[in-house]
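A short worksheet on the structure shown next.
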Protein chains: 2
Amino acid sequence: MRMSEGVEWAMHTCLNLTWLPTGQAVPAAKLAAFYRLPAAYLNKQLQALARAGVVSSTPGPRGGFQLARTPEKITLLDIVVAIEGPEEAFRCDELLKRGPGADPKTDYRQACLVSRAMRRADLAWRRELAGQTLADLKADVEQEYPASPGNTVNRFTALRA
Amino acid sequence: MRMSEGVEWAMHTCLNLTWLPTGQAVPAAKLAAFYRLPAAYLNKQLQALARAGVVSSTPGPRGGFQLARTPEKITLLDIVVAIEGPEEAFRCDELLKRGPGADPKTDYRQACLVSRAMRRADLAWRRELAGQTLADLKADVEQEYPASPGNTVNRFTALRA
DNA sequence: GACACTCTACTCGGATAGTGATTGTCCGAGTCAGAAAGG
DNA sequence: CCTTTCTGACTCGGACAATCACTATCCGAGTAGAGTGTC
């Protein structure tokens, strides 16, 4: 049950975007160069974020990606779901359908208590992720590492040269 | 981030074991036949459960698997960890090590606030799973589906023929 | 009749292929910016 | 000098391989029990 590494990339990239001036698109190549990541593959993750409505993309010169909403309205769950997809971690193949006394009409995803217990855990996980916005994360970083935002912006302007 | 289907198999198999007489080993072939699963592959999952100390295995005739402890002392987290491994879902590759101003001596798994936020969610998930024991699940099933335990035992004795 | 030995059948256990998702890369469609030409 | 057109480079977007984990299977090591021969 390993999460895609794209989630980590997307998290840090979205966080970086919160510090860059709004209304200005940043191309995937520069976002990738920041962490020396393969640009084409990061682009793929950014596409997923764009499809999910987390970032907006503009093609052409001076184009790139930017946050589609204010950081207050982007939760960590939004980012994870954009990359990993909406389906829950536990996969219920309705094993009970193959057991004795199975009713083909029953939806065992709802009836099976194992499935329900796993879903409870899944919801707890999602609740925790949905409770933190990108703005919260940004504020935490600014408090704990005050130099970080400045360094980030400087590095990006340097890449702009 | 799809969980292995072995988790579902392990959950239902362990639950079935709670209803069968204690002190009596059940071979993997019978546990598999209950849900018409591939016996060799379920055996693999049971091996993982045995390595984790959730079930105990005895070879030879009249051998098989049985719960290693009472259901009260087996949490759902124990089963999930046995199959999926102990590492957390979010994979922190310490991206910040590749960013500007990175300190090679810093453990970014602890310092990175993204990593910490994801770990919080992971812990919430684990807490929920650790809060439910196999005995709880068994009791819930017996209350909601009183016929289920009897059906299970009957089916197993039928397979014994 | 009891005991010891052998032999067989049964079980787990790890080593071994097959398959699908994830990872990584590439090139084409579309678009904006800037230069150049004309008024 | 301003406007319009054209060109060109830049960007995303989806289509195309490579790699890895998961899925599935098989056969060998070990064991308990039944059967047989002996005392």
Side-chain angles (χ1 to χ4, degrees), chain A residues 1-10 13 17 23-33 35-68 80 82-85 87 89-91 93 95 159-160, chain B residues 1-10 13 17 23-33 35-68 80 82-85 87 89-91 93 95 159-160:
Chain A
M1 193 194 44
R2 200 182 47 169
M3 201 175 289
S4 163
E5 63 182 343
V7 174
E8 187 184 10
W9 299 7
T13 299
L17 284 174
Q24 182 178 340
V26 184
K30 270 168 195 153
L31 292 169
Y35 293 116
R36 283 178 290 160
L37 297 174
Y41 192 33
L42 178 64
N43 188 18
K44 198 179 182 61
Q45 316 294 346
L46 288 167
Q47 285 176 35
L49 288 170
R51 269 191 298 270
V54 175
V55 303
S56 68
S57 65
T58 53
R62 317 276 299 172
F65 294 91
Q66 55 189 306
L67 294 180
V80 171
I83 304 293
E84 289 291 322
E87 60 275 352
F90 177 70
R91 169 168 46 153
D93 287 347
L95 211 58
L159 288 173
R160 197 167 307 274
Chain B
M1 193 193 43
R2 201 181 45 170
M3 201 176 288
S4 163
E5 64 182 342
V7 174
E8 187 184 9
W9 299 7
T13 299
L17 283 174
Q24 181 178 341
V26 184
K30 269 168 195 153
L31 292 169
Y35 293 116
R36 283 177 291 160
L37 297 173
Y41 192 33
L42 179 64
N43 188 18
K44 197 179 182 61
Q45 316 295 346
L46 289 167
Q47 285 176 36
L49 288 170
R51 269 192 298 270
V54 174
V55 302
S56 67
S57 65
T58 53
R62 315 279 297 173
F65 294 92
Q66 55 188 306
L67 294 180
V80 171
I83 304 293
E84 290 291 322
E87 60 276 350
F90 176 71
R91 168 168 47 154
D93 287 347
L95 210 58
L159 288 173
R160 198 167 306 275

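In what follows, chains carry the letters A, B, and so on, assigned in the order in which the sequence lines appear, proteins first and then strands, with residues in each chain numbered from 1.
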side-chain contact (heavy atoms from CB on, under 4.5 Å) evaluation trace for B:Asn43 with B:Gln47: CA-CA 6 Å; B:Asn43 188 18; B:Gln47 285 176 36; 3.8 Å; yes
Pair B:Val26-B:Phe65, side-chain contact (heavy atoms from CB on, under 4.5 Å): steps then yes or no: CA-CA 5 Å; B:Val26 184; B:Phe65 294 92; 5.9 Å; no
Atom-to-atom span, CD of A:Gln24 to P of C:dA33 - whole angstrom: 12 Å
Any A:Ser57 side-chain N or O less than 4.0 Å from OP1/OP2 of D:dG13: yes
Between P of C:dT22 and CD of A:Glu8, the distance in whole Å: 17 Å
Rounded interatomic separation in angstrom, taking CD1 from A:Ile83 and P from C:dT23: 10 Å
B:Gln66 side chain to B:Ser56 backbone, donor-acceptor under 3.5 Å: no
Base-contact (B) and sugar-phosphate-only (S) positions in nucleotides 18-25 of chain D, heavy-atom cut-off under 4.0 Å, - elsewhere: ---SSBBB
Contact state string [nucleotides 3-11 of chain C, B base, S sugar-phosphate only, - no protein heavy atom under 4.0 Å]: -------BB
Least distance between heavy atoms, B:Gly6 atom then B:Ile83 atom: C-CG2, 4.1 Å
Any side-chain heavy-atom pair of A:Glu5 and A:Tyr41 under 4.5 Å: yes
Rounded distance in Å - CG (B:Leu49) to C1' (C:dG14): 16 Å
Candidate pair A:Thr13 and A:Val55, rule side-chain contact (heavy atoms from CB on, under 4.5 Å), full reasoning: CA-CA 11 Å; A:Thr13 299; A:Val55 303; over 6 Å; no
For atom CZ of A:Arg51 and atom P of D:dG13, their distance in whole Å: 9 Å
B:Met3 and B:Glu84, any side-chain heavy atoms less than 4.5 Å apart: yes
Evaluation steps, side-chain contact (heavy atoms from CB on, under 4.5 Å), between B:Met1 and A:Met1: CA-CA 5 Å; B:Met1 193 193 43; A:Met1 193 194 44; 3.9 Å; yes
B:Gln47 side chain near C:dC12 phosphate (N/O to OP1/OP2, under 4.0 Å): no
